[in-house]
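All ligand and atom numbering here is 1-based and tracks the order in the structure.
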Amino acid sequence: MNPAATCPRAVLVYKSVHHQNTAQVAHAMAGVLGAECVSPDECPYSRLADCDVLGIGSGVYYGRPHDELLQWVRGMPEEHARDFPIFIFTTSGLPFLAKLWHAPLKKRLARKGFDVIGEFACRGFDTWGPLWLTGGLNWRHPNERDLQRAQEFAERVAAAVPAPA
Ligand SMILES: Cc1cc2nc3c(=O)[nH]c(=O)nc-3n(C[C@H](O)[C@H](O)[C@H](O)COP(=O)(O)O)c2cc1C
């Protein structure tokens, strides 16, 4: 299947600084969506001009998505809120708390009037602080199953957003 032929134009903006866990998830989703993967500093807002759906992803650091990503979202022009919906994805040591980890992002997006159409979270290998001494948490995550879930999530996003005419 040629993703570009059937998918909405998607951009994935993400920050992944610990073990590239979130980068793996971003690339799995991008493969389905035919999307570009970029970091916030590589993504001037003008790049969103012909975007049909935007994915925003991050590892979780001290209970929040990466600060650079939050700053980027803070600067996003509100006019875009009418142009495309957004989905959020994170990897973390404790993804069952994703609702909590996603809250700062969702709050900023809601304030600007953006529509969040989906959220994805999975386990990410974590050797933060003392965890390093124990060999870390979530060894080998994201694993094949996590990445398959990420792809299935991306398929649902593609089905929910109309492709360009
Ligand atoms: C400095 C630091 C702080 C972290 N804080 C949290 C946290 O508050 N909650 C959590 O569940 N995981 C936390 N983690 C684990 C990361 O969220 C997890 O390893 C994630 O998959 C990293 O993604 P990345 O490899 O894309 O950077 C932290 C990791 C680091 C390095």
Side-chain angles (χ1 to χ4, degrees), residues 3 7-45 47-48 51 53-76 84-112 114 116-158:
C7 282
R9 288 164 300 205
V11 176
L12 305 189
V13 180
Y14 72 95
K15 201 70 194 169
S16 181
V17 300
H18 190 31
H19 289 293
Q20 295 295 299
N21 298 327
T22 315
Q24 291 180 58
V25 170
H27 285 102
M29 290 179 172
V32 172
L33 291 165
E36 293 180 78
C37 287
V38 285
S39 61
D41 63 321
E42 291 169 334
C43 192
Y45 301 115
R47 199 158 176 177
L48 304 176
C51 180
V53 62
L54 173 66
I56 300 181
S58 181
V60 172
Y61 316 99
Y62 306 111
R64 299 148 58 85
H66 196 282
D67 224 42
E68 232 176 80
L69 191 77
L70 289 172
Q71 292 297 343
W72 186 85
V73 167
R74 189 175 289 144
M76 241 164 66
F84 49 79
I86 290 181
F87 65 90
I88 293 173
F89 57 100
T90 59
T91 67
S92 65
L94 306 172
F96 62 89
L97 294 176
K99 210 171 169 185
L100 205 62
W101 309 148
H102 292 186
L105 253 181
K106 287 179 73 180
K107 209 161 118 188
R108 276 171 178 73
L109 291 168
R111 231 182 263 146
K112 287 176 179 277
F114 281 96
V116 175
I117 57 165
E119 298 175 56
F120 177 87
C122 77
R123 294 203 269 168
F125 183 43
D126 181 7
T127 52
W128 174 41
L131 288 175
W132 178 79
L133 297 170
T134 66
L137 191 67
N138 302 336
W139 171 243
R140 291 199 172 147
H141 283 273
N143 61 15
E144 216 173 289
R145 172 91 193 94
D146 297 321
L147 296 178
Q148 190 189 330
R149 277 183 50 235
Q151 288 172 332
E152 288 163 2
F153 173 87
E155 279 165 12
R156 288 195 294 278
V157 167

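Considering only residues two or more places apart in sequence or on other chains, T22 meets the side chain to side chain donor-acceptor pair (under 3.5 Å) condition with T91. Every residue meeting the side chain to side chain donor-acceptor pair (under 3.5 Å) condition with S39, not counting sequence neighbours, appears here in chain and number order: D41, E42. With sequence neighbours left out, H66 forms a ring pair (Phe, Tyr, Trp, His ring centres under 6.0 Å) with Y61.
Ligand 1 is surrounded by S16, V17, H18, H19, Q20, N21, T22, G59, V60, Y61, Y62, G63, T91, S92, G93, L94, W101, G124, F125, D126, W128, each with at least one heavy atom closer than 4.0 Å.
Between A121 and R149, the shortest heavy-atom contact is O-NH2, 3.2 Å. For W128 against D126, the heavy-atom pair with the smallest separation is N-OD1, 3.0 Å.
Between Q148 and E152, the side chains place a donor N or O and an acceptor N or O closer than 3.5 Å (distance only, hydrogens not considered).
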